[in-house]
Amino acid sequence: MKTFIILGSLNALLAVSLGAFSAHSLKAKISPEMLAIWQTGVQYQMYHALGLILTAILIQLFPQATLLKTAGWLLLGGIVLFSGSLFLMTLTGIRTLGAITPIGGIAFLLGWLLVCVSCFKN
């Protein structure tokens with residue numbers, strides 16, 4: 001599905017940009033602990049951007065596997081909730097935003113589980 005290739009590519013672009021931003025601009029302005037949190041968000045965003053592209057390829061290979069589309073949307077939701085909450089927490093210092101992060105992690109887990117189930121079934 002072309003949508004997931006576009007979304008995956010844009011998220012990969014954003015992950016590279018946010019990684020460069022942290023290395024060149026944020027590094028001098030935040031604590032090493034907060035920088036590590038930011039980097040975790042960047043890493044997970046990149047991994048799951050690639051997962052979105054993989055999902056698009058699998059949808060082409062297994063068009064009858066309807067769960068793959070749901071998996072892609074869960075991966076995207078995970079990026080927004082997991083990485084987004086880490087970025088916001090780092091920029092604002094509001095640590096309670098970290099409560100959102102596990103919801104994104106669950107979305108990632110469910111997305112990957114659906115990829116596995118879809119491929120197993122097809």
Side-chain angles (χ1 to χ4, degrees):
M1 187 163 123
K2 192 162 97 172
T3 302
F4 291 135
I5 292 174
I6 293 167
L7 290 169
S9 299
L10 289 173
N11 271 284
L13 171 86
L14 188 57
V16 172
S17 300
L18 292 170
F21 172 69
S22 68
H24 299 289
S25 297
L26 263 183
K27 191 175 185 178
K29 296 176 182 164
I30 61 173
S31 70
E33 176 191 6
M34 295 307 275
L35 186 63
I37 290 170
W38 181 276
Q39 288 301 326
T40 298
V42 170
Q43 289 171 345
Y44 275 73
Q45 183 172 2
M46 180 57 84
Y47 300 150
H48 292 88
L50 296 173
L52 285 169
I53 294 168
L54 171 66
T55 301
I57 294 167
L58 291 172
I59 288 170
Q60 294 301 313
L61 292 173
F62 305 107
Q64 69 281 9
T66 55
L67 291 177
L68 286 171
K69 288 182 182 176
T70 304
W73 292 117
L74 283 166
L75 293 178
L76 180 65
I79 290 170
V80 171
L81 294 171
F82 185 93
S83 296
S85 66
L86 294 179
F87 298 146
L88 283 173
M89 185 172 61
T90 301
L91 292 174
T92 65
I94 303 171
R95 293 199 175 256
T96 55
L97 288 168
I100 298 168
T101 310
I103 299 168
I106 291 168
F108 286 151
L109 293 171
L110 291 173
W112 287 115
L113 178 63
L114 290 183
V115 169
C116 179
V117 168
S118 294
C119 290
F120 182 75
K121 286 173 62 174
N122 295 287

Please say yes or no: joined through hydrophobic side-chain contacts below 4.5 Å, possibly via intermediate residues, are [X] and [Y] part of one cluster?
X   : Y    : result
L76 : I59  : yes
M46 : Y44  : no
I5  : V115 : no
L52 : L61  : yes
L81 : L97  : yes

Output the rest of the hydrophobic cluster of L114: all Ile, Leu, Val, Met, Phe, Trp and Tyr residues reachable through side-chain heavy-atom contacts under 4.5 Å, sorted by chain and number.
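Same cluster as L114: L67, L74, I106, L110, L113, V117.
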Mind checking the [atom1]-[atom2] spacing from [X] to [Y]? Nearest 0.5 Å is all I need.
X   : Y    : atom1 : atom2 : value
L68 : L75  : CG    : CG    : 10.0 Å
L7  : L14  : CG    : CG    : 12.0 Å
Q45 : L18  : CD    : CG    : 6.0 Å
Y47 : W112 : OH    : CH2   : 12.0 Å
F87 : T40  : CZ    : OG1   : 9.5 Å
I37 : I30  : CD1   : CD1   : 8.5 Å

How far apart are the C-alpha atoms of M34 and R95, what are their side-chain angles, what is the distance that settles it, and do they pass the side chain to side chain contact (heavy atoms under 4.5 Å, CB included) test?
CA-CA 10 Å; M34 295 307 275; R95 293 199 175 256; 3.6 Å; yes
Determine the minimum heavy-atom distance between [X] and [Y], stating which atoms define it.
X    : Y    : value
C119 : F62  : SG-CE1, 4.2 Å
A71  : G111 : CB-O, 3.3 Å
I79  : A49  : CD1-N, 3.9 Å
G19  : V42  : N-CG2, 3.9 Å
G77  : A107 : C-CB, 4.5 Å

F108 vs H48 aromatic rings, parallel, tilted or perpendicular, using cut-offs 30° and 60°?
parallel
If we only count heavy atoms from C-beta on, is the L58 to F4 side-chain gap below 4.5 Å?
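Side chain of L58 against side chain of F4, heavy atoms only: no contact under 4.5 Å found.
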Does any part of the side chain of L91, heavy atoms only, come nearer than 4.5 Å to the side chain of L26, both counted from C-beta?
yes
Pairs in or reaching into residues 12-33: which pass ring-ring contact (aromatic ring centres under 6.0 Å, His included), with residues at least two apart or in two chains?
F21-W38
Take L88 and I94 through the test side chain to side chain contact (heavy atoms under 4.5 Å, CB included) and record every step on the way to the result.
CA-CA 8 Å; L88 283 173; I94 303 171; over 6 Å; no
Between S85 and F82, is there a donor-acceptor pair closer than 3.5 Å when you use the side chain of the first and the backbone of the second?
yes
